[in-house]
There are 2 protein chains.
Amino acid sequence: MHISRNSFNSTFIFVAMDTKGILSHITRHVTLTPEEREFFTSLLIPVNVKQGDFVEQSGEVTTNFIHVNSGCLMTYFTDPSANDHVIQFSTAGWWTADLHSLTQNQSSIYSTRALADSEIFMLPKIRLEELVDRYPIFERFFRIMFQNSLVTHQQRIVQAFSFTAEQRYEYFQQKYPQLEQFVPLKYIASYLGITPEFLSKIRRKRMEK
Amino acid sequence: MHISRNSFNSTFIFVAMDTKGILSHITRHVTLTPEEREFFTSLLIPVNVKQGDFVEQSGEVTTNFIHVNSGCLMTYFTDPSANDHVIQFSTAGWWTADLHSLTQNQSSIYSTRALADSEIFMLPKIRLEELVDRYPIFERFFRIMFQNSLVTHQQRIVQAFSFTAEQRYEYFQQKYPQLEQFVPLKYIASYLGITPEFLSKIRRKRMEK
DNA sequence: GAAAGGACTTGAACTAGATTAAGAAATCAT
DNA sequence: ATGATTTCTTAATCTAGTTCAAGTCCTTTC
């Protein structure tokens, strides 16, 4: 999979970064004391990535939860025939992580790359463990977050099996209207589980209507 | 969808039921004090259901988490064309719930029925809220359970888009070897996202090898 | 134990979507 | 600006999986 001309860049840029966004996403679900906020933000590692950079690479063991502060990431799976399948796009406010790799300490089958210049926070797994041990309110936050994520995942499974490609495309447009404007169509096709050629046909058919 | 000859049975049978199984599943992930065990089990509503009975029906608002103590349940989605799609089989030790209906108080799009006579525990949502408020260790338990469930859901999405029907069938046989022996093939086909006719063809092809 | 309904299979015709190959349009590097 | 690389589209051909229709076997019921 090739994005722009940028090659793999392992030199992350560390910077000061605004934590308002991430805190407001958390306090939408739980209430935090100033102490909890302070400790939480002290664990975050802010990183700037450029379009095309890898954030995680398949084959390596994942050690971080990732939160997108601005920009957009894409997580994809490369099958044995070397075909890529986009699993998720993550825009501002989203979390992403390979939970299997993270919890089982096994090498990941997913890669995550930046689709645009992005600001992200990395939260190391061991820091998260300290966090929830010390402040159980974060246990609740992640419980709620995973619970909501499960709803989305279940809907995607239902759709994969009961919707046509065209219906999945319509749903995608409704749910993520901003994404289509800057994500290359081939990645959208991959996310929908179809070829770029077939997405092209669907788009033409819909234009003609 | 029709299972055996049993008709809808809304008269659940309440009985004493062994809580060893459910407690051992929980203590695999977290350690409980005797007080926590006691309080937790006091919230559970044991129910016996017969093969074919509905446990939850689409169109109604879900109010319970469900844990299977013995037997087997099936959760399915009925699409606008009245075709059923099996989402999950739940055997002993599994939890099931429509999290969307449960958290948003909206009517469920899923139905859950017993594929065999089963013993289940129902945990009302409001009781769960009391539980996690009082004993945060259960917040952790459900966080871990949802986290693990997400891994499984993610794998199913990957497979839906990158495996052929035959590969999905092979994976299903490996992962749930006991299920094929008593679950009607048409439900397995539905779970795999194919027609019973096509599953038949796959099975024949594999027999000939 | 006959009849009836459901479960599973088989085969023929069909379709959603893949593959291959090529051209057009957009983007990027120098 | 120009050439090179990538993205998107179009069209022809092909295939995995569906639909429809019929037939067999098994289970349940009276």
Side-chain angles (χ1 to χ4, degrees), chain A residues 1-7 9 50-53 74 76 79-86 113 115-117 159-173 179-208, chain B residues 1-7 50-52 74 76 79-86 113 115-117 159-173 179-208:
Chain A
M1 185 169 284
H2 194 272
I3 302 171
S4 180
R5 299 266 178 106
N6 297 314
S7 57
N9 177 356
K50 287 199 187 145
Q51 183 180 348
D53 285 353
M74 164 180 84
Y76 60 95
D79 72 21
S81 315
N83 294 118
D84 292 321
H85 304 271
V86 174
R113 301 182 69 178
L115 276 175
D117 293 357
Q159 289 186 12
F161 288 129
S162 65
F163 279 24
T164 63
E166 188 170 352
Q167 290 172 323
R168 296 199 299 274
Y169 178 50
E170 280 172 19
Y171 183 85
F172 172 83
Q173 288 184 309
L179 275 183
E180 199 171 4
Q181 293 156 22
F182 76 93
V183 174
L185 287 173
K186 61 175 188 168
Y187 300 136
I188 294 175
S190 175
Y191 176 85
L192 297 174
I194 58 177
T195 58
E197 292 88 342
F198 192 60
L199 178 56
S200 230
K201 272 188 204 169
I202 290 172
R203 285 162 56 81
R204 187 188 180 188
K205 188 180 150 201
R206 289 163 56 76
M207 295 278 278
E208 288 169 354
Chain B
M1 185 170 287
H2 195 272
I3 301 172
S4 181
R5 301 267 176 104
N6 295 315
S7 56
K50 287 198 189 149
Q51 181 181 347
M74 166 180 83
Y76 60 93
D79 71 21
S81 315
N83 293 118
D84 291 321
H85 304 272
V86 174
R113 301 181 69 177
L115 276 174
D117 293 357
Q159 289 186 11
F161 288 131
S162 66
F163 280 23
T164 62
E166 188 170 354
Q167 290 171 322
R168 295 199 300 274
Y169 179 49
E170 280 171 20
Y171 183 85
F172 172 81
Q173 287 185 309
L179 276 183
E180 199 172 4
Q181 292 155 25
F182 77 95
V183 175
L185 287 173
K186 61 175 187 167
Y187 299 137
I188 294 175
S190 174
Y191 176 84
L192 297 173
I194 58 177
T195 57
E197 291 91 338
F198 193 59
L199 178 54
S200 228
K201 276 185 200 168
I202 291 173
R203 285 163 57 81
R204 188 188 178 188
K205 189 180 149 201
R206 289 164 55 77
M207 295 279 277
E208 287 168 356

Asks: What is the distance, to the nearest angstrom, from the CD atom on B:Q51 to the C1' atom on D:dT28?
Replies: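 B:Q51 atom CD is separated from D:dT28 atom C1' by 12 Å.
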Asks: Would you tabulate the pairs of protein nitrogen or oxygen atoms and nucleotide nitrogen or oxygen atoms of nucleotides 23-25 of chain C closer than 3.5 angstrom?
Replies:
none

Asks: Partners of A:A116 by side-chain contact (heavy atoms from CB on, under 4.5 Å), sequence neighbours excluded?
Replies: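 A:A116 satisfies side-chain contact (heavy atoms from CB on, under 4.5 Å) with A:F182 only.
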Asks: Could you tell me the separation between the CG atom of A:L199 and the CD atom of A:E166, rounded to the nearest 0.5 Å?
Replies: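 Separation between the atoms: 10.5 Å.
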Asks: How close do B:I202 and B:A165 get, heavy atom to heavy atom, and via which atoms?
Replies: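 Heavy atoms of B:I202 and B:A165 come nearest at CD1-CB, 3.9 Å.
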Asks: Okay, side chain of B:Q173, backbone of B:E170: is any donor-acceptor separation there less than 3.5 Å?
Replies: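 Side chain of B:Q173 to backbone of B:E170: no pair is present.
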Asks: Roughly how far apart are B:Q159 CD and B:T164 OG1, rounded to 0.5 Å?
Replies: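 The OG1 atom of B:T164 is 10.5 Å from CD of B:Q159, to the nearest 0.5 Å.
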Asks: Mind calculating the distance between CG (B:D84) and P (C:dA7) to the nearest angstrom?
Replies: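 It is 12 Å, rounded to the nearest whole Å.
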Asks: Just say parallel, tilted or perpendicular for the rings of A:F172 and A:Y191, cut-offs at 30° and 60°.
Replies: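 Tilted: the ring planes of A:F172 and A:Y191 meet at 30° to 60°.
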Asks: Say whether, by atom type as modelled, one donor and one acceptor occur between the side chain of A:R113 and the main chain of A:M74 under 3.5 angstrom.
Replies: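 The answer is no, because no donor-acceptor pair under 3.5 Å joins these two groups.
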Asks: Report yes if a side-chain nitrogen or oxygen of A:R203 is closer than 4.0 Å to either non-bridging phosphate oxygen (OP1 or OP2) of D:dC8; otherwise report no.
Replies: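 So the side-chain polar atoms of A:R203 never come under 4.0 Å of the phosphate oxygens OP1 or OP2 of D:dC8.
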Asks: Nearest whole Å is fine: how far is D:dT6 P from A:L185 CG?
Replies: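 Rounded to the whole Å, the gap is 18 Å.
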Asks: Between B:D117 (side chain) and B:Q51 (backbone), is there a donor-acceptor pair under 3.5 Å?
Replies: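 It does hold such a pair.
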Asks: Excluding sequence neighbours, so at least two apart, what forms salt bridge (charged side-chain N to carboxylate O under 4.0 Å, His left out) with A:E197?
Replies: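 Applying salt bridge (charged side-chain N to carboxylate O under 4.0 Å, His left out) to A:E197 gives none.
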Asks: Quick check for you: to the nearest 0.5 Å, what is the distance between A:Y169 atom OH and A:R206 atom CZ?
Replies: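 Interatomic distance, A:Y169 OH to A:R206 CZ, rounded to 0.5 Å: 6.5 Å.
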Asks: I'd like to compare against my own output: the B/S/- annotation of nucleotides 11-23 of chain D with a strict under-4.0 Å heavy-atom distance to protein.
Replies: SB----BBBB---
Asks: Measure from CD on A:Q181 to P on D:dC8 and round the result to the nearest Å.
Replies: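 After rounding, the reported distance stands at 14 Å.
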Asks: Rounded to the nearest Å, what distance is computed from the OH atom of residue A:Y187 to the P atom of nucleotide D:dT6?
Replies: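 A:Y187 atom OH is separated from D:dT6 atom P by 11 Å.
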Asks: Listed by chain and number, what are the side chain to side chain donor-acceptor pair (under 3.5 Å) partners of B:D79, not counting sequence neighbours?
Replies: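 So B:D79 forms a side chain to side chain donor-acceptor pair (under 3.5 Å) with B:H85.
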Asks: Distance check needed: C:dA26 C1' versus A:K186 NZ, whole Å only.
Replies: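 Value for this atom pair: 13 Å.
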Asks: Please give the angle, rounded to 10 degrees, between the axes at the start and the end of the helix from C:dG1-D:dC30 to C:dT30-D:dA1, where five pairs define each axis.
Replies: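 For the helix from C:dG1-D:dC30 to C:dT30-D:dA1, the axes at opposite ends meet at about 50°.
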Asks: Tell me the interatomic distance from B:F182, atom CZ, to C:dA7, atom P, rounded to whole angstroms.
Replies: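 From B:F182 CZ to C:dA7 P: 15 Å.
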